[in-house]
Amino acid sequence: MIEDDMKITESEWEVMRVVWAKEHVTSKEIIEVLQQKKAWKPATTKTFISRLVKKQILNTEKIGNKYLYSTDVNEADFIKSMLNELFANVCNRKKGEMIAYLLNQMMLSFDDIENLETILKNKRNGAVEQVPCNCIPGQCHCQITN
Ligand SMILES: [Zn+2]
């Protein structure tokens, strides 16, 4: 699980993706990768790295005169936690529609589709006529348009 104090900014996320891709990286390597995408000065990237260290998301290890950065946070777990957080803001009744929207705009492999078909087949067993609304009155249209 990702704790509340593990929240990261979009910029810190860019740094994390380099760490996740390489597992053990120096600040120089992070700067080099992100130069292809961002117009950040090395000092800016270093600021993001030190914020991640301060948040205890990045671990540091001193090898000679260099610092190596790594993380114990799993990328897939992190993304799942972000998705859950996002979907927590959506009425239960609207979630299917939002997932359909996402699916519709994505490029998928045959394996992805097979996996999704299996999930959907299983989901049919537990399906309901109408998903109950989980919102407080005044935060969605369910109570009004019921
Ligand atoms: Zn609702």
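Each ligand, and each atom within it, is numbered from 1 in the order the structure gives. Any value given below was found using the heavy atoms of this structure, including those in side chains, with hydrogens, waters and symmetry copies removed. Given the structure is predicted, the values throughout are model-derived calculations rather than measurements.
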Thr60 side chain vs Tyr67 backbone, donor-acceptor pair below 3.5 Å: no
Under 3.5 Å: donor-acceptor pair, side chain of Asn104, backbone of Tyr101: no
Degrees at the Zn ion (ligand 1) between the SG atom of Cys133 and the SG atom of Cys140, nearest 10°: 100°
Geometry at the Zn ion (ligand 1) - Cys135 SG versus Cys91 SG angle, rounded to 10 degrees: 90°
N, O or S from His141 under 2.8 Å to the Zn ion (ligand 1): no
Glu117 bridged to Lys121 by N-O distance under 4.0 Å: no
Test item: Glu85 and Lys80 side chains (from C-beta on) under 4.5 Å apart, heavy atoms: no
